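Comments concern the structure below.
Please read all numbers here as calculations on a predicted model, not as lab measurements.
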Amino acid sequence: MMMQETLSERVQATSRIRSWARGAEIVTFIGMAVIVWYCGDALYSLIFGSSEDEKLLTFVYSFLETNPEFAPVFEAGQPKYPPPEKYSLTARTVIFLSSNLINVLVLFALYWARELFRGYGRGEIFNEISAQRLGRVGWMITFLAPVGFISDYTLLKTILVAAAPGEAALTFGAPDLALIAYISVGELDAFAIVIGLLIVLVGRILSEASKISDENRSFI
């Protein structure tokens with residue numbers, strides 16, 4: 001009687017895991033679809049030069065120009081180039097790439113999470129492959145903060161020098177250091193790094209545990 005109850009509970013638990021894994025897989029697929037749609041819309045604007053994007057970039061520049069917190073960047077020597085009437089393809093390409101760096105990381109994180117949950121649905125739970133997938137999700141989360149920092153710097157820098165000569169746009173000096181200080185790293189960025197590294201460590205622990213388990217089974 002006890003053996004039958006134990007077996008039925010295991011079957012029920014397996015069914016629940018498959019159900020939860022299927023639901024999580026659907027959620028990750030929806031998230032990936034949203035990101036692809038967003039990037040596709042941004043790519044459309046890049047190719048055809050949407051006037052709305054031009055107005056938005058000009059508005060951002062005017063906001064930075066009048067923002068007291070951004071004043072140290074201009075005080076450090078950043079020239080106030082007037083916003084161009086039409087942003088060049090090069091400037092729009094840099095803005096597109098820098099604006100979507102985070103989306104690429106999130107897309108990869110969702111992809112590996114989807115693979116992880118698909119493996120759970122197949123019963124691949126306590127093995128090295130699942131641990132590696134979990135670790136990859138953790139690395140993507142960890143990289144969100146530094147990549148987001150690079151993205152913000154590149155985006156703001158491009159908006160500031162979009163109308164500048166090519167040589168001026170490629171220079172690096174005191175205004176760039178002031179721009180880096182303006183961006184800084186927030187609490188959420190620090191939390192993302194910590195949580196991402198913790199997930200990576202959990203993946204490493206599970207990977208080592210699966211190896212030990214395989215070794216123990218090989219001796220039996």
Would you check if the side chain of [X] reaches a backbone N or O of [Y] as a donor-acceptor pair within less than 3.5 Å?
| X | Y | value |
| --- | --- | --- |
| Thr154 | Ser151 | no |
| Glu54 | Tyr87 | yes |
| Ser99 | Phe96 | no |

Suppose we screen for side-chain contact (heavy atoms from CB on, under 4.5 Å). Which residues come up paired with [X], at least two apart in sequence or across chains?
| X | answer |
| --- | --- |
| Lys55 | Glu52 |
| Val104 | Phe108 |
| Arg114 | Glu25, Thr28, Phe29, Met32, Arg118 |
| Glu124 | Arg122, Asn127, Ser130, Arg133 |

Checklist line | Residue pairs, two or more places apart or on separate chains, that pass ring-ring contact (aromatic ring centres under 6.0 Å, His included) and touch residues 172-208 | finding: Phe70-Tyr182
Apart from [X] itself, what residues make up its hydrophobic cluster, given side-chain heavy atom links below 4.5 Å?
| X | answer |
| --- | --- |
| Leu201 | none |
| Leu198 | Val194 |
| Trp37 | Tyr38 |

Margin query: According to salt bridge (Lys or Arg N to Asp or Glu O under 4.0 Å), does anything in residues 68-78 pair up with another residue at least two apart or in another chain? List the pairs.
Written below: none
Next item on the list: Taking side chain to side chain donor-acceptor pair (under 3.5 Å) as the test, write out the residues that go with Tyr81, two or more places apart.
Entry: none
Check: In terms of hydrophobic clusters joined by side-chain contacts under 4.5 Å, are Leu155 and Val94 together?
Finding: no
Check: Under 4.5 Å between any side-chain heavy atoms of Ile102 and Val106, yes or no?
Finding: yes
Checklist line | With sequence neighbours excluded, residues passing ring-ring contact (aromatic ring centres under 6.0 Å, His included) with Trp139 | finding: Phe143
Notebook entry, point to check: How would you list all residue pairs meeting side chain to side chain donor-acceptor pair (under 3.5 Å) that involve residues 102-113, not counting sequence neighbours?
Noted result: Asn100-Asn103
